[in-house]
Amino acid sequence: MKPTNVKLLKGLSAAALLAGANLAMAETVTIPATVTVNNAINFTSTGSLNFGTVRSIGDTTASECAGLTIPVSASATPPTAPVAASGGTFATTCTGAGSAVVQAVGGTPARPILTIAGVAPFTTLNLTVPNTAVDLTAASVPPGSAKFQVLDFTAVKTSGTAALIALTAGAGTFQTDAGGGATLQIGGTLITDPGTPTTGTYQDLAYSGTFNVTVAY
């Protein structure tokens, strides 16, 4: 064999060995990809919407009623006493007072404190409060006796930059803070029975009811 051919074969063999070495150095690994979904909102409440102690007389004529409001404000100062109701649904529900009376005389008015946690920072959430009146009734009173109602619910975000939450038809939005949380308070208006009860007399009892507040993405 000619010397030139021997050199060519040696060169090809070296290239083949090098290529084989490079192929042997390539390795493949399989890496898992995962994600965990958590759409839950850690939403809790403490306290109640408490209008304190009142003196009250109802009117047996439809739409004759009186009201008190526990307001909310951006400063979130706890109410010292309810104020006379005005405007809103109250103004169209209670077209006159007649003989109806409701006056704050003591007790400890309060607003519920709602706490949101476990949400992504600066997330916009939807808030829904009742858009219709909520009944407050007492046990051991005759059927048809006067009841109270709560309407015109309002809301304020008290954490971070406190701000009133604009509600339309009982719904509005607010934003969580840098930690993914928020604190809210709810206010509302108490009115005497706007219907036609058989008697306008209120018993010296606690009148109570419940209402729902919903937070959602």
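For the numbers below, each heavy atom of this structure counts, side chains included, while hydrogens, waters and symmetry mates do not.
Of all heavy-atom pairs between Ala155 and Leu127, the closest is CB-CD2, 3.5 Å. Residues Tyr207 and Leu136 come closest through the heavy atom pair CD2-O, 3.8 Å. The shortest heavy-atom contact between Ala104 and Pro82 is CB-CD, 3.9 Å. The two residues Ala163 and Val156 have their closest heavy-atom pair at O-CG2, 3.4 Å. When every heavy atom of Pro109 is checked against every heavy atom of Ile70, the shortest pair comes out as CB-CD1, 4.1 Å.
With Thr158 contributing its side chain and Thr183 its backbone, the two residues share a donor-acceptor pair below 3.5 Å. One N or O on the side chain of Thr176 and one on the backbone of Ala120 form a donor-acceptor pair closer than 3.5 Å. A donor-acceptor pair is defined here as one N or O able to donate and one able to accept, closer than 3.5 Å; such a pair exists between the side chain of Ser56 and the backbone of Val101. Using modelled atom types, no side-chain atom of Arg111 and backbone atom of Asn50 make a donor-acceptor pair closer than 3.5 Å.
Placement of Leu49 and Ile113 in two distinct hydrophobic clusters is found when ILVMFWY residues are connected by side-chain heavy-atom separations under 4.5 Å, directly or transitively. Under a hydrophobic clustering in which Ile, Leu, Val, Met, Phe, Trp and Tyr are joined whenever their side-chain heavy atoms come within less than 4.5 Å, directly or via other members, Leu164 and Val83 fall into different clusters. Linking Ile, Leu, Val, Met, Phe, Trp and Tyr residues whenever their side-chain heavy atoms come within less than 4.5 Å leaves Leu68 and Val105 in two separate clusters.
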(request) For side-chain contact (heavy atoms from CB on, under 4.5 Å), just list the numbers for Thr196 and Thr61, CA-CA rounded to whole Å, side-chain angles, deciding distance to a tenth of an Å, and then say yes or no. (result) CA-CA 5 Å; Thr196 56; Thr61 303; 6.0 Å; no
(request) Take Asp135 and Thr137 through the test side-chain hydrogen bond (donor to acceptor under 3.5 Å, both in side chains) and record every step on the way to the result. (result) CA-CA 6 Å; Asp135 291 342; Thr137 59; over 6 Å; no
(message) Before you tell me yes or no, could you show the steps for Leu167 and Val129 under side-chain contact (heavy atoms from CB on, under 4.5 Å), namely the whole-Å CA-CA distance, both residues' side-chain angles and the distance that decides it to 0.1 Å?
(response) CA-CA 9 Å; Leu167 299 175; Val129 299; 3.7 Å; yes
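Using a 4.5 Å heavy-atom threshold, the side chains of Thr60 and Thr198 count as separate. Residues Val102 and Arg55 form no side-chain contact, since every pair of their non-hydrogen atoms from C-beta on lies 4.5 Å or further apart. Residues Val213 and Thr128 fail the side-chain proximity criterion, which asks for heavy atoms closer than 4.5 Å. Side chains of Thr201 and Ile57 form no contact here, defined as non-hydrogen atoms less than 4.5 Å apart. Taking 4.5 Å as the limit, every side-chain heavy atom of Thr214 sits out of range of all side-chain heavy atoms of Phe43. Residues Tyr202 and Thr192 form a side-chain contact, since some pair of their non-hydrogen atoms from C-beta on lies under 4.5 Å apart. Side chains of Cys65 and Pro194 form a contact here, defined as non-hydrogen atoms less than 4.5 Å apart. The closest side-chain heavy-atom distance from Phe211 to Val150 is not below 4.5 Å.
The distance from the CG atom of Leu125 to the CD atom of Gln175 is 9.0 Å, given to the nearest 0.5 Å. To the nearest 0.5 Å, atoms OG (Ser159) and CG (Leu184) are separated by 7.0 Å. Taking OG1 of Thr173 as the reference point, atom CD1 of Ile165 lies at 8.0 Å (rounded to 0.5 Å). Within the model, atoms CZ of Phe174 and OG1 of Thr124 stand 9.5 Å from one another, a figure rounded to the nearest 0.5 Å. Atom NZ in Lys157 sits 12.5 Å away from atom CD in Gln185 (nearest 0.5 Å). To the nearest 0.5 Å, the span separating OG on Ser99 from CD on Glu64 amounts to 8.0 Å.
Note on Lys147 versus Asp193: no salt bridge recorded, every NZ/NE/NH1/NH2 to OD/OE distance being 4.0 Å or above.
Under the 4.5 angstrom side-chain criterion for Ile, Leu, Val, Met, Phe, Trp and Tyr, the cluster partners of Ile191 are Phe90, Leu151.
Aromatic ring centres of Phe148 and Phe51: separated by at least 6.0 Å.
Contacts of Thr89 classified as side-chain hydrogen bond (donor to acceptor under 3.5 Å, both in side chains), with partners at least two apart in sequence or in another chain: Asp152.
When only modelled atom types and interatomic distance are considered, Thr189 and Thr69 share a side-chain donor-acceptor pair under 3.5 Å.
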